[in-house]
Protein chains: 2
Amino acid sequence: MTNNAGLDLTFAACAHPIRRGIIERLGVGEMTVGEATAGSGVSKPSISKHLRVLEEAGAIVRVIDGRTHRIRLSEHALDDAQGWISDQHALWERKLDVIEGYLAEQRARRARDDLPTEEGPV
Amino acid sequence: MTNNAGLDLTFAACAHPIRRGIIERLGVGEMTVGEATAGSGVSKPSISKHLRVLEEAGAIVRVIDGRTHRIRLSEHALDDAQGWISDQHALWERKLDVIEGYLAEQRARRARDDLPTEEGPV
DNA sequence: CGCATTGTTAGTCATTTGGCTAACAATACC
DNA sequence: GGTATTGTTAGCCAAATGACTAACAATGCG
């Protein structure tokens, strides 16, 4: 579907380098808010907002553990975004197949009509 | 890489339902700006802006044909976005494999240490 | 208890986004 | 040449984004 608010959130979450950096780092393992802030170059409140964006997009999960928050990747993080892109690519594939079939037919027709001395298409 | 301006543009381009709608429609075949405007619910200048966003993200290509602009999908539209997500998933897979291996070893150890009378794991 | 640590909330600010209308540019058609 | 069609540009506006500092809440520790 085109009007999918979840996709809006997921793609928007991926559209910022700091948030992509967080996702990449979380691939290695979970971390705290302070650790996410460490090499980021921005303030802790700023990271807090980015984490909220990622959380609302369903990309990460937060486990509050005393006064620290352990951030980890959501189980199906980015699945909807990847699914949508894959769907598009699948459609394009199919379209290209149709075009390719059409072109092949054109080649065959040309071979038959323009060069009748040759016995058939390659 | 985390600081990739191209990815910023591609993900941002996908983060709006009207732009995703355009991409989906272009999967069927090329169209003009007017056709893109038709069922969109917004004005033509607005669509013009969305098309510019898609163009700068490398998602679409514009062929100016007299006074009409023929819009079609770029050959490698969204490839960078799909690539980045796929890379992440690949890393997560690997991480899950490591965890799974660890858990399997734990199960084996427990089976050996805690239940020595049972002859082996299920 | 008193204080340090961890993270969020509140408030401010500049920039970007996304929409509109009106005006313009360029091509097509009579 | 005059007019219609196609699309962009300019200018406006409201809302969202992304950053900061300062203040707050909650937990941990001496």
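Owing to the predicted nature of the structure, the values given are computational and were not obtained by experimental measurement.
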query: From the 5' end of DNA chain D to its 3' end, which nucleotides mark the outer limits of contact with chain A, defined by a 4.0 Å heavy-atom distance cut-off (strictly under)?
result: D/dG18 to D/dG28
Short side-chain donor-acceptor distance under 3.5 Å, B/Trp84 and A/Glu24: yes
- prompt: Rounding to a whole Å, what distance do you find between B/Phe11:CZ and C/dT17:P?
  reply: 17 Å
field: Test log, rule side chain to side chain contact (heavy atoms under 4.5 Å, CB included), inputs B/Ser86 and A/Gln82
entry: CA-CA 8 Å; B/Ser86 293; A/Gln82 183 168 52; 3.2 Å; yes
task: Consider only side-chain heavy atoms of I, L, V, M, F, W and Y, link residues closer than 4.5 Å, and tell whether B/Leu51 and B/Phe11 are in one cluster.
output: yes
- prompt: B/His69 has an atom NE2; how far is it from atom P of C/dA28, in whole Å?
  reply: 11 Å
message: Short of 4.0 Å, heavy atom to strand atom, which residues of residues 50-59 of chain B count as contacting DNA chain D?
response: none
- request: Look at all strands and tell whether A/Ser46 reaches a base, only sugar-phosphate, or nothing, counting heavy atoms closer than 4.0 Å.
  value: sugar-phosphate
field: Heavy-atom side-chain proximity of B/His89 to A/Asp79 below 4.5 angstrom
entry: yes
- request: Report yes or no: do B/Ile22 and A/Trp92 belong to one cluster of Ile/Leu/Val/Met/Phe/Trp/Tyr joined by side chain heavy-atom distances under 4.5 Å?
  value: yes
query: In Å and rounded to the nearest 0.5 Å, what is the NE2 to CD1 distance from B/His69 to B/Ile71?
result: 7.5 Å
message: Once rounded to the nearest 0.5 Å, what's the spacing between atom CD1 of A/Ile60 and atom CD1 of A/Ile23?
response: 8.5 Å
- prompt: What is the distance from CD1 of B/Ile47 to C1' of C/dT17, rounded to the nearest Å?
  reply: 15 Å
- request: Would you mind telling me which residue lines up with the more 5' stretch of DNA chain D, B/Ser48 or A/Gly66, judged by nearest nucleotide?
  value: B/Ser48
message: Quick check on the hydrophobic clustering: are B/Ile85 and B/Leu7 connected, directly or via other members, by side-chain heavy-atom contacts under 4.5 Å?
response: yes
Sugar-phosphate, base or nothing in reach of A/Arg70, heavy atoms under 4.0 Å: nothing
message: Any base atoms under 4.0 Å from A/Thr68, or only sugar-phosphate, or nothing? Heavy atoms, all strands.
response: sugar-phosphate
- prompt: Hey, quick one: are A/Leu26 and B/Leu91 part of the same hydrophobic cluster, counting side-chain heavy atoms closer than 4.5 Å, chains of contacts allowed?
  reply: yes
message: When you measure from the side-chain N and O atoms of B/His16 to the phosphate of C/dG19, is any distance below 4.0 Å, counting only OP1 and OP2?
response: yes
- prompt: For the pair made of NZ in B/Lys49 and P in C/dT16, what is the distance, rounded to whole Å?
  reply: 13 Å
- request: Ignoring backbone atoms, establish whether B/Arg67 has a side-chain N or O less than 4.0 Å from OP1 or OP2 of C/dC29.
  value: no
field: 5' priority, DNA chain D, between B/Thr32 and A/Lys44 [closest heavy atom]
entry: B/Thr32
